[in-house]
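Presented below is the structure to which this report refers.
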Amino acid sequence: MLGGAVRAVLLVAEKDLRSELRARSFLQAALFFALCAVLVFSFALGPDRPQLATVAPGLLWVAASFAAVFALGRSFAAERDGDTLDFLLGLPVAREALFLGKLLANLAGVLMLTVLSLVLMFLLYGLPAPADGGRLVAAVVLGSLGLSAAGTFYGALSVRLSVREAFLPMLVLPLVIPLVIAASRATAVALSGGQAGAPWTGLLVVFDGVLVAGATALFRYLVEG
Amino acid sequence: MLRLLVRVYPGDRWLLVVALALLGAGWALGLAWVPPDRYQGEAQRLMYVHVPAAWSALALFVLATVAAARHLWRRTPGSDRLSRAAIETGLVFGALTLALGMVWGRPVWGVWWAWDPRLTSTAILLVLFAGVLGLRRAIEDPARRAVVSAAATLLAAVDLPIVHQSVVWWQSLHQRPTLLRLGAPTIATSMLIVLLLNTLAMSLLAGWLVMRRVRIARLEATIDDRLLRERLARARPLSPPAPVRLREGSRGV
């Protein structure tokens, strides 16, 4: 029973990832977005590398959250455009498994974007070698997971409705404020190796747990009817 | 008929009268009877409006969340209307809370906005629920709107404790404003009495507003229903097919 659900999750994720890989649209868009964001920030703030390195963690999560809002707002649109949404929903698979599969595929995309941005920041802003590599990986993965959960939820919300996509940031961004705070702080601490001041990684875990569980449970109401 | 429908509902008028009377008494006592605070002076009197407004907003958002959960469970149109009414009214009281907090913060803290954790998380709370209200406006179909916005309300509600905790920790990195906590650590009995009286009055007023808003929503639904039915009745140009006329003189089949 549980094995079947896990398999369904993986199948949905694999399907999405395969179509992304074939189209290569997301990869290119993510690379281009990351490059543009990193460059625009440096133009806006000046070429002062130490200063850029100081604000880099905040910039990273600003870029990631905006990218997630806009990219994932369309994460169900491909299903609608391809007329496969009803088929997908008609499968004898729990709605929760569908959502988690989508979430997993979206997580891969967001993770790619975050890692690309971080690498570009290392190169262009002259970030120091991370003082705590494990904590940096945890911050990047947990932050991306939370963004994916919020983005996938609102992507599902907008797919069947005539909700304008320009409207989504208004809903998603306030929701992910704790994530932006915690992920930025955790990233900064991981890079500099200083004192955390608060258990940011723990807060990220709680945020992800609550948001993934809540969004998964509520997903069935978004696509019914 | 429509005029009859939107006729003022008399049943809850007594509630408004009681609320306004208590509110008048509470404000009079708060302005004239209670002595001013030793440290904050006259500015502290804002507390008698600020704290009741904050309490009412919080209670209304809790009510909205409970109603949203109930709607997902039972699907009654009433719970959807209650949730919407509570969010709308809660936003009004929440905005009032923030505005009064800023007016109070200017003389006491020296700034309009201090990024105090409570202030910040209240602002995020308002943006979250304003988003839900905007979402409602963006969805046409009433049944779908009710379900989807109930789901969004619940997700926003579970996010709130995390928002608060994150903002508390985030703010603790910065220098705290030299704040004199409201109600800390003891409060004079006369102040407490007036505060409770005002809280009661404001809660009753909030309750009246929600009842009134629910009633208006119910009437709107009735009118929509009626208009739809009238339009359907008019849009029936397909008169039933005329009976086939047979040749004159024929007696039918």
Side-chain angles (χ1 to χ4, degrees), chain A residues 58 146 149-150 153-154 156-186 188-189 194-200 202-225, chain B residues 65 68-75 80 91 94 115 117 120-175:
Chain A
F153 182 80
Y154 280 102
L157 185 148
S158 68
V159 66
R160 281 264 179 109
L161 306 165
S162 52
V163 178
R164 281 162 295 132
E165 269 146 27
F167 182 72
L168 286 179
M170 208 183 126
L171 290 164
V172 185
L173 289 177
L175 201 68
V176 298
I177 285 174
L179 182 138
V180 171
I181 294 174
S184 305
R185 291 291 150 204
V189 172
Q195 278 294 310
W200 296 116
L203 189 69
L204 276 178
V205 170
V206 171
F207 179 89
D208 285 4
V210 168
L211 218 70
V212 170
T216 308
L218 291 170
F219 172 69
R220 58 166 67 235
Y221 298 113
L222 303 182
V223 291
E224 73 180 19
Chain B
T65 307
R70 189 180 142 77
H71 185 76
L72 289 187
W73 185 34
R74 287 286 173 84
R75 303 294 166 96
D80 175 53
L91 283 177
W115 293 110
T120 314
S121 41
T122 307
I124 299 172
L125 168 105
L126 292 189
V127 176
L128 271 170
F129 279 99
V132 173
L133 216 54
L135 176 67
R136 300 192 65 100
R137 198 160 286 194
I139 305 172
E140 286 280 326
D141 175 20
R144 183 150 275 257
R145 174 175 59 213
V147 172
V148 166
S149 49
T153 307
L154 285 186
L155 197 65
V158 296
D159 193 39
L160 274 176
I162 310 177
V163 167
H164 185 73
Q165 191 54 54
S166 71
V167 172
V168 168
W169 283 338
W170 167 74
Q171 204 274 341
S172 69
L173 296 175
H174 300 257
Q175 197 191 349

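Labels below follow one simple rule: chain letters A, B, ... track the order of the sequence lines, proteins then strands, and each chain is numbered from 1.
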Quick one, Leu211(A) with Ile162(B), criterion side chain to side chain contact (heavy atoms under 4.5 Å, CB included). Give me CA distance, side-chain angles, the key distance, then yes/no. CA-CA 10 Å; Leu211(A) 218 70; Ile162(B) 310 177; over 6 Å; no
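The 12-atom threshold is not exceeded at CZ of Arg220(A), counting heavy atoms of other residues, nucleotides or ligands nearer than 6.0 Å. For Arg75(B), the CZ atom sits in a packed shell: over 12 heavy atoms of surrounding residues, nucleotides or ligands are nearer than 6.0 Å.
For the pair Leu218(A) and Ala151(B), the tightest heavy-atom approach, listed with the atom from each and the gap, is CD1-O, 3.3 Å. In terms of heavy atoms, Trp200(A) sits closest to Trp169(B) at CH2-CB, 3.4 Å. The two residues Leu203(A) and Ser166(B) have their closest heavy-atom pair at CD2-CB, 3.5 Å. Residues Leu175(A) and Asp159(B) approach most closely at O-OD2, 2.7 Å, considering heavy atoms.
Interatomic distance, OH of Tyr221(A) versus CG of Leu155(B), reported as 13.5 Å (0.5 Å rounding).
With a threshold of 4.5 angstrom between heavy atoms, Leu222(A) approaches chain B through its backbone and through its side chain. When heavy atoms are compared at a cutoff of 4.5 Å, Phe153(A) approaches chain B solely by way of its side chain, counted from C-beta outward.
Note on Leu125(B), Leu160(B), Ile124(B): by heavy-atom pairs under 4.5 Å with chain A, the leading option is Ile124(B). When Val148(B), Asp141(B), Val158(B) are compared by the number of non-hydrogen pairs under 4.5 Å with chain A, Val148(B) comes out ahead.
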